[in-house]
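Below is one structure, written out as structure tokens; comments come after it.
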Amino acid sequence: MKRKRLVTTVSLLGAAFLAGCGQIGAETSSEATSGSAAEAVEVTTVKVAHTQSSAPMNYVDENGESTGYEVSVLKAIDELLPQYEFEYVPTSDEDLLIGIESGKYAVGTKGAWYTEERAQKFIFPEHYIGASSIGVLIRSEDAAEITDLETFAAAGKSLVPISPNNAQYNVIQAFNEEHPDTPIELTAADVFEIADAYTWLLEGRYDGYFAVKTAYEVNVLAEGAPYSQYKDDFSYFVYEALPTWPLFNKDQQALADAYDEAFLQLQEDGTIDDLMIEFLGENTFQYVKE
């Protein structure tokens, strides 16, 4: 699927121009589109960071290749942008965010949700790349009574504390505003291990854990999952899906615009839906509440 590109050496003049323009997370060379120097076009190589163990969104497979739903969308977008060559860099959440902000990377993807704080640091394109289903993990014994967030709230159930910096905190705040008669008690979280949430549910300390569906599937349902011993003790329901976005360095508006144009093409030709089915098992855009 990947096109091979014939890349010529950057001229001293081009290198000087590049330095003068202060390209960030990118380097530019020339591409001969049909073997003719007269038809050479400028190709910018951009570094694309992604988290390396966030399956199924972004991860490194057994062959050491970057893959996952979001990475695969970006690979398909790269195919539509002859002026760019994407170079994928698996990394940590922290390095990804710091690296995009500093210009080490031109763009990064990590299943990121929109926050006002991030909007001050990064360019959010017009079109989000995916949607992460979120919902509540409850004890199986409550599954007959609790089927959605409304019944969870009406029953006076309690949630594991959520960090105020997490988009899920805002989701519950919005729910409480819409349901003033049956609000869910919202407690700001201290730092805790994921395993604590499962333990607290089993102990009855809390009644629900607001969690990303894919994390629940990977951590509990998958074969050999680290918390698979809790599989029969828990049930899960989806509340909504939060859009996930690629984050662009503030100097990469042209790249973000090119991404938007290509993303629309991929939606129209069915590629986005195909990749969602392949990696997520369903089109999660259906759960997004606009």
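Quick note: residue numbers are just sequence positions, from 1.
Looking at Thr51, its side chain never comes within 3.5 Å of a backbone N or O of Ser54 through a donor-acceptor pair. Using a distance-only test at 3.5 Å, with no hydrogens or angles considered, a donor-acceptor pair links the side chain of Thr151 to the main chain of Thr147. A donor-acceptor pair under 3.5 Å is formed between the side chain of Asp260 and the backbone N or O of Glu126. Under a 3.5 Å cut-off, the side chain of Ser140 and the backbone N or O of Asp233 do form a donor-acceptor pair. Of the possible donor and acceptor atoms, none in the side chain of Glu70 sits under 3.5 Å from a partner among the backbone N and O of Ile129. With Glu268 contributing its side chain and Gln265 its backbone, the two residues share no donor-acceptor pair below 3.5 Å.
For Thr271 and Asp274, the side-chain atoms include no donor-acceptor pair closer than 3.5 Å. The closest side-chain donor-acceptor pair between Thr45 and Glu85, if any, does not fall under 3.5 angstrom.
Within the 4.5 Å cutoff, the side chain of Val136 has heavy atoms near those of the Phe237 side chain. In this structure, the side chains of Ile123 and Asn249 stay at 4.5 Å or more apart for every pair of heavy atoms. Using a 4.5 Å cut-off on side-chain heavy atoms (C-beta onward), Phe86 and Leu255 make contact. Using a 4.5 Å heavy-atom threshold, the side chains of Ile138 and Tyr236 count as separate. The side-chain heavy atoms of Lys121 and Lys250, taken from C-beta on, include no pair separated by under 4.5 Å. Two residues are said to be in side-chain contact when any heavy atoms from C-beta on lie closer than 4.5 Å; Phe210 and Val171 meet this criterion.
Atom CD of Gln267 sits in a crowded spot, with more than 12 heavy atoms from other residues, nucleotides or ligands closer than 6.0 Å. Around the CG atom of Asp232, the shell of radius 6.0 Å holds no more than 12 heavy atoms that belong to other residues, nucleotides or ligands. Annotation for Gln253: atom CD counts as buried by contact number, over 12 foreign heavy atoms lying within 6.0 Å. Counting heavy-atom neighbours within 6.0 Å of Lys157 NZ, excluding the residue itself, gives a total above 12. Other residues, nucleotides and ligands contribute more than 12 heavy atoms inside 6.0 Å of the CD atom of Gln229.
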Please lay out, stage by stage, how His50 and Thr91 fare under the test side-chain hydrogen bond (donor to acceptor under 3.5 Å, both in side chains).
-> CA-CA 6 Å; His50 68 86; Thr91 189; over 6 Å; no

Just do the side-chain hydrogen bond (donor to acceptor under 3.5 Å, both in side chains) check on Glu65 and Asn63 with the steps written out, would you?
-> CA-CA 6 Å; Glu65 296 293 327; Asn63 298 316; over 6 Å; no

Where do Tyr209 and Tyr216 land on the ring-ring contact (aromatic ring centres under 6.0 Å, His included) test, with the steps shown first?
-> CA-CA 10 Å; Tyr209 173 41; Tyr216 163 63; 9.7 Å; no

Give the C-alpha distance, both sets of side-chain angles, the deciding distance and a yes or no for side-chain contact (heavy atoms from CB on, under 4.5 Å) between Thr199 and Tyr230.
-> CA-CA 9 Å; Thr199 301; Tyr230 301 136; 4.0 Å; yes

Carefully, step by step, assess Thr187 and Ile162 under the rule side-chain contact (heavy atoms from CB on, under 4.5 Å).
-> CA-CA 6 Å; Thr187 305; Ile162 306 171; over 6 Å; no

Hey, mind stepping through Leu97 and Phe122 against side-chain contact (heavy atoms from CB on, under 4.5 Å) and telling me if it holds?
-> CA-CA 9 Å; Leu97 294 173; Phe122 311 110; 4.0 Å; yes

Gln83/Thr44 under side-chain hydrogen bond (donor to acceptor under 3.5 Å, both in side chains): CA gap, chis, key distance, verdict | CA-CA 6 Å; Gln83 71 272 38; Thr44 301; over 6 Å; no

May I have the step-by-step check of side-chain contact (heavy atoms from CB on, under 4.5 Å) for Val89 and Val48, ending in yes or no?
-> CA-CA 6 Å; Val89 184; Val48 180; over 6 Å; no

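The aromatic ring centroids of Tyr259 and Phe248 lie less than 6.0 Å from each other. The six-membered or imidazole ring of Tyr198 lies near that of Phe234, with a centre-to-centre distance under 6.0 Å.
Taking a cutoff of 4.0 Å between a charged side-chain nitrogen and a carboxylate oxygen, Glu282 and Lys213 qualify as a salt bridge. Comment: Arg139 engages Asp207 in a salt bridge, judged by a side-chain N to carboxylate O separation of less than 4.0 angstrom.
Between Ser132 and Trp113, the shortest heavy-atom contact is CB-NE1, 3.6 Å. Here the closest heavy-atom approach between residue Ala131 and residue Val288 is recorded as CB-CG2, 3.6 Å. In terms of heavy-atom proximity, Asn176 sits nearest to Pro183 at OD1-CA, 3.3 Å.
Geometrically, Lys75 engages Tyr88 in a cation-pi contact defined by less than 6.0 Å to the ring centre and at most 45° from the axis. In this structure, Lys289 is positioned above the aromatic face of Tyr239, its NZ or CZ under 6.0 Å from the six-membered ring centre and within 45° of the axis.
The OH atom of Tyr69 sits 11.0 Å away from the CD atom of Glu278 when rounded to the nearest 0.5 Å. Once rounded to the nearest 0.5 Å, the distance linking CD1 of Ile184 with CZ of Phe152 reads 6.0 Å. Taking CG of Leu201 as the start and CD of Glu203 as the end, the distance is 9.5 Å to the nearest 0.5 Å. A distance of 9.5 Å separates CG of Asp95 from CD of Gln52, quoted to the nearest 0.5 Å. Summarising the geometry, atom CG belonging to Asp93 is positioned 4.0 Å from atom NZ belonging to Lys110; distances are rounded to the nearest 0.5 Å. Note: Ser72 OG to Phe279 CZ = 3.5 Å, rounded to the nearest 0.5 Å.
With respect to Tyr169, the side chain to side chain contact (heavy atoms under 4.5 Å, CB included) criterion is satisfied by exactly one of Ser163, Pro161, Pro164: Pro164.
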